[in-house]
Each structure stands twice: as structure tokens, then as C-alpha cells.
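Keep in mind the model is a prediction, meaning the values are calculated, not measured.
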Amino acid sequence: MLKPFKLFQSLTDRVLKSASAESSITDDSGIDVWRYADPAGEEPDPLKRNLLQWRRLISSVREPLDVFPGESVDLIGFVHRPPNTPDDQFTLARHVIRCCLADTVSLGLVIHTVNAAQFETNTWLHIQGQFTSVPVRNYPTLVIAPSKIKRIPEPQKPYINGVF
């Protein structure tokens, strides 16, 4: 009766040993998260900030509509369309690792453009533009008005590491 347990334990030990040998920076599952994720520490250069860094900064300000309009952005993410998204908008999103690769959440920023419909959901984009304010359901909302939108392949690091 104990033989199956020993076999399982042996297999588990081998998997964990080989995973830890591959990388010195791992999450709880033994996976090297740096291989899959961009870092998200503080970034002073606005044109180098990723979506998580912008979201943290926007959330730290009491009145974002008084601070961010006119600020330039240069972002990479995929197209996401939550239910009831207006025709002239989509969300540029990334998956953020909260604990490990199995525990990710999507977050993003709203892109406002008359060309929104031409970008399919899950398409990866590189967007350059500026924050602005537009009324969404008669409520002023902070959005990005793109000056350039370029389709790109999925990046080598599709996630953002919100853990480290």
C-alpha cells in the first residue's frame, strides 16, 4: 500500500529537483517567472512604464483626471473587450502574476480610437499616444488616445511580474 506513495514521492522529488536546477529565481511551483514576465518595479521614465506600473501610479492619485491628461505613453498589450465596451474603445491588457504563473489577473487601460473595431480580441499591439479624458456613459474617464497602433507578435515575456 505504501509503494504507490513512494513512487509518487520519487517522481515529485525528481520534477522539483530538475525545475530548481534550471533557475535560481522561481515561484512556489519551481518555475522561473522571469522567463515569462517583465518586472514591474517603479519606473521614472513614462515611456518605459508597463501597464501595471501605470495602473499603480494612476491608483495612487486622488484625481487622475487632473494629473494624467497629456502624459505620453508607450505600451504593449493585447486587445480585451469587456462586456458593453463602446464601439470606439477596447482595453489594452496584460496578465499580471500575483503569486505564481497559475495565479494571474488581467488588467489594462482603455484605448479610445475610432478604429477600435479593426483590432481583434487577443491581438497583441504596441501603442503610442497620450492620456486624455473622454465621456463614457456621460462620466469623464481617463483613456489613452493613440497616435500609433502597430500589431505585433506575442512578446517573449507576455506577463508582468507583480510579485517581485
Between the NZ atom in Lys150 and the CD1 atom in Ile127, the distance rounded to the nearest 0.5 Å is 13.0 Å
Closest non-hydrogen contact found for Leu142 with Pro64 is CD2-CB, 4.1 Å
Partner of Asp74 under side chain to side chain donor-acceptor pair (under 3.5 Å), picked from His126, Lys148, Arg49, is His126
Heavy-atom nearest pair, Arg56 first then Ala40, reads NH1-O, 2.7 Å
Quick check: does any side chain N or O of Thr113 sit under 3.5 Å from a backbone N or O of Asn115, one acting as donor and the other as acceptor? yes
> Taking it one step at a time, do Val79 and Glu120 satisfy side-chain contact (heavy atoms from CB on, under 4.5 Å)?
Replying inline: CA-CA 7 Å; Val79 176; Glu120 293 181 29; over 6 Å; no
Is it the case that atom CG in Asp66 sees more than 12 heavy atoms from other parts of the structure closer than 6.0 Å? yes
- Backbone N or O of Phe90 within a donor-acceptor pair of the Thr85 side chain at under 3.5 Å? no
Mind checking whether Ile58 and Leu109 have side chains closer than 4.5 Å, heavy atoms only? yes
Rounding to 0.5 Å, atoms CD1 (Ile97) and CG (Asp103) come to a distance of 9.5 Å
Value for CG (Leu51) from CD1 (Ile160), rounded to nearest 0.5 Å, stands at 5.5 Å
Around atom CD of Gln118, are there more than 12 heavy atoms from other residues, nucleotides or ligands closer than 6.0 Å? yes
field: Linked, directly or transitively: Leu107 and Val143 (ILVMFWY side chains, under 4.5 Å)
entry: no
Discussion item. Check whether Thr141 reaches the backbone of Tyr139 with its side chain - one donor and one acceptor, N or O, closer than 3.5 Å.
Written reply: yes
task = State, yes or no, whether a side-chain contact exists between Pro158 and Trp124 at a heavy-atom distance under 4.5 Å.
result = yes
Scanning both residues in full, the closest heavy-atom pair of Pro46 with Ser72 reads CB-O, 3.9 Å
To the nearest 0.5 Å, atom CG of Leu57 lies from atom CD of Glu71 at 8.0 Å
Leu47 and Val67: same hydrophobic cluster, using ILVMFWY side-chain contacts below 4.5 Å? no
Parallel, tilted or perpendicular: which describes the rings of Phe68 and Trp54, with under 30° parallel and over 60° perpendicular?
-> perpendicular
(message) Any side-chain to backbone donor/acceptor pair from Glu63 onto Leu65? Under 3.5 Å, distance only.
(response) no
Review point. Does a sphere of radius 6.0 Å around CZ in Arg98 hold more than 12 heavy atoms from other residues, nucleotides or ligands, not counting ones at 6.0 Å or beyond?
Key: no
Rounding to 0.5 Å, atoms CZ (Arg94) and CG (Leu52) come to a distance of 10.0 Å
Query - Cluster overlap Ile152 with Ile144, hydrophobic side-chain contacts below 4.5 Å - result: no
When rounded to the nearest 0.5 Å, the distance separating NZ of Lys48 from CD of Gln53 is 11.0 Å
Can you tell if the side chain of Gln89 reaches within under 4.5 Å of the side chain of Val134, non-hydrogen atoms only?
yes
ask   = With side chains defined as the heavy atoms from C-beta onward, is the minimum distance between Arg151 and Phe119 less than 4.5 Å?
value = yes
Heavy-atom closest pair (Asp88 atom, Ala116 atom, distance to 0.1 Å) is C-CB, 3.6 Å
- prompt: Heavy atoms, side chains only, cut-off 4.5 Å: are Leu125 and Leu92 in contact?
  reply: yes
